[in-house]
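Both ligands and their constituent atoms are indexed starting at 1 by order of listing. Just so it is clear, the model here is predicted, and its values are computed rather than measured. Both backbone and side-chain heavy atoms feed into the values below; hydrogens, waters and symmetry mates do not.
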Amino acid sequence: MARRIYLDHNATTPLREEVVEACTRAFRSFGNPSSTHFEGAAARAELERARTRVASLLGADPAEIVFTSGATESNNLALHGTLAAGRAPGHLITSRAEHPSVLEPAESLERAGVKVTRLAVDASGRLDPSAVAAALESEATVVSVLWANNETGVLQPLSEIAQAVKARGALLHVDATQAVGKIPVRVDALPADLLSGSAHKLNGPKGAGFLFVRRGLELEAWLRGGPQERRRRGGTENVVGIVGLGIAFELAERELPERAGRMAELRDRLWEGLRATLGAVRRNGSPSHVLPNTLNVCFEGAPGEVLLEALDLEGVSVSAGAACHSGSSVASHVLLAMGLSLEQARASLRFSVGHGVDEAQIDHVLGLLPRLVARVREVGAR
Ligand SMILES: Cc1ncc(COP(=O)(O)O)c(C=O)c1O
């Protein structure tokens with residue numbers, strides 16, 4: 001098969017043609033949205049159109065959307081903007097299975113005197129809402145949890161967690177980066193105070209993201225230096241990227257139910273095929289509370305990095321752990337937090353489907369895997 005098969009949509013996604021066209025148009029109108037003249041007003045109008053599109057998918061008010069450079073910045077803004085702004089004495093509750101863009105700001109806040117509680121997840125990768133409730137000590141608490149885990153796709157019991165957080169008058173930040181565009185993410189149904197996302201995970205461009213900030217919440221800017229984004233994020237906005245983000249959201253809103261069903265069909269075809277052809281494979285994470293597009297599998301005895309390389313040589317792209325870890329043989333902190341051994345974590349691969357993937361591609365991968373897994377296991381055993 002000459003064409004490559006891309007099964008790494010949780011790392012990033014290909015741009016939709018509609019996004020490319022909108023971004024190309026936006027490149028030609030160069031105004032600064034803060035300028036009051038004609039060119040500035042045109043750029044401002046593009047920005048506000050995108051804001052409305054993002055707000056519409058999320059069930060938010062456009063004024064509650066702050067544009068950022070991506071979810072890493074959104075997560076930093078959410079945590080630093082609430083905790084470093086002195087919700088004294090400051091307590092952050094999070095889990096051991098978060099993305100590094102939450103775990104690393106948590107470390108720096110801890111060094112600055114904020115108390116940080118890192119809760120365990122169970123063997124299926126889920127948090128226990130009663131453990132969140134028990135850890136809540138005061139109103140000066142921010143709880144930060146992933147909606148969907150980037151490595152396993154596991155979904156957290158967010159309604160129950162939100163209930164516990166709100167009962168204590170604390171704040172809830174949700175990193176919904178992997179959930180947006182794959183499952184319904186609505187802030188009119190979930191009482192989150194802050195919610196992060198990124199365009200490039202749903203067929204938009206890299207370098208554009210958002211933070212939902214519920215009306216009335218005081219958030220201090222993390223990037224300072226201008227009045228942009230209602231003083232919550234300084235710096236001239238990435239208009240081209242934000243236009244692409246808006247179109248990606250519009251497409252997601254139109255296609256969501258069909259998209260989710262299609263992803264689940266492909267993911268299930270892959271899993272059923274793997275079980276039928278390989279027998280002894282183990283699925284990591286809850287099979288029922290999971291994103292429709294993600295499958296994390298442990299190929300016991302086959303080092304994941306070697307299997308990844310073997311697949312790459314055959315034209316198939318997958319991931320061993322998070323994208324930011326690839327190239328190193330560091331075992332996934334998420335899988336270790338779920339109780340996998342170092343060896344099992346290192347023998348695990350993530351398959352994530354999305355736009356452009358079809359049944360023939362899945363079947364091709366299923367045809368390759370038994371031979372590759374056997375070869376890699378043989379090498380691993382030497
Ligand atoms: C759950 C999660 N949060 C945050 C990020 C960071 O997003 P970005 O690449 O937009 O900074 C990612 C990207 O891998 C992610 O999967």
Student: Applying a heavy-atom cut-off of 4.0 Å, say which part of V102 lies close to ligand 1: side chain, backbone, both or neither.
Tutor: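 None of V102 does.
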Student: Which heavy atom of V334 sits nearest a heavy atom of E151, and at what distance?
Tutor: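 Residues V334 and E151, closest heavy atoms: CG2-OE2, 3.4 Å.
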Student: Considering only heavy atoms, does S101 approach ligand 1 within less than 4.0 Å through its side chain, its backbone, both, or neither?
Tutor: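 Near ligand 1, S101 shows its side chain, while the N, CA, C and O stay back.
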Student: Out of all atoms in ligand 1, which are within 4.0 Å of some heavy atom of T72? Include the element for each.
Tutor: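 Selected atoms, number and element: 6 (C), 7 (O), 8 (P), 11 (O).
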Student: Should L146 be counted as touching ligand 1, given the test is an N or O pair under 3.5 Å?
Tutor: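 In this structure, L146 places no N or O atom under 3.5 Å from an N or O of ligand 1.
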Student: Looking only at distances, please establish whether an N/O atom of ligand 1 is found under 3.5 Å from an N/O atom of K201.
Tutor: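 N/O-N/O distance below 3.5 Å exists for this pair.
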Student: What part of T177, side chain from CB on, backbone N/CA/C/O, both or neither, has a heavy atom under 4.0 Å from ligand 1?
Tutor: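 The answer is the side chain of T177.
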Student: If you group Ile, Leu, Val, Met, Phe, Trp and Tyr by side-chain heavy-atom gaps below 4.5 Å, do L372 and L295 land in one group?
Tutor: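 Yes, it is one cluster - the side chains of L372 and L295 are joined through contacts under 4.5 Å.
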Student: Is it the case that more than 12 heavy atoms not belonging to E39 sit under 6.0 Å from its CD atom?
Tutor: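 More than 12 heavy atoms, drawn from other residues, nucleotides or ligands, come within 6.0 Å of this atom.
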Student: So with a 6.0 Å cut-off around CZ of R230, is the heavy-atom count from everything else above 12?
Tutor: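 No - once you tally the heavy atoms of other residues, nucleotides and ligands closer than 6.0 Å, there are 12 at most.
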Student: Within the structure, does Q178 bring an N/O atom to less than 3.5 angstrom of an N/O atom in ligand 1?
Tutor: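 Between Q178 and ligand 1 (N or O atoms, distance only) the closest approach is under 3.5 Å.
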Student: Is it true that, when you exclude E343 itself, more than 12 heavy atoms of the residues, nucleotides or ligands shown sit nearer than 6.0 Å to its CD?
Tutor: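 Open.
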Student: Need the ligand 1 atom indices (1-based, order shown) with element for anything under 4.0 Å from a heavy-atom of G70.
Tutor: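 Answer for ligand 1: 10 (O).
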Student: Find out whether the Lys NZ or Arg CZ of R233 is both under 6.0 angstrom from the six-membered ring centre of W222 and within 45° of the ring's axis.
Tutor: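 Output no; distance or angle outside limits.
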Student: Look at the rings of F210 and F249 and say which category their plane angle falls in: under 30° parallel, 30 to 60° tilted, over 60° perpendicular.
Tutor: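 Answer is perpendicular, since the angle exceeds 60°.
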Student: Which of the numbered atoms in ligand 1 are below 4.0 angstrom from a heavy atom of S198?
Tutor: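 Under 4.0 Å from S198, ligand 1 has these atoms: 8 (P), 10 (O).
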Student: Under a 4.0 Å threshold between the charged nitrogen and the carboxylate oxygen, would E229 count as salt-bridged to R232?
Tutor: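 E229 and R232: not salt-bridged.
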Student: Which atoms of ligand 1 sit under 4.0 Å from any heavy atom of N150?
Tutor: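 Counting atoms of ligand 1 from 1, those under 4.0 Å from N150 are 1 (C), 16 (O).
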Student: Answer side chain, backbone, both or neither: which part of H200 comes under 4.0 Å from ligand 1, heavy atoms only.
Tutor: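 The answer is the side chain.
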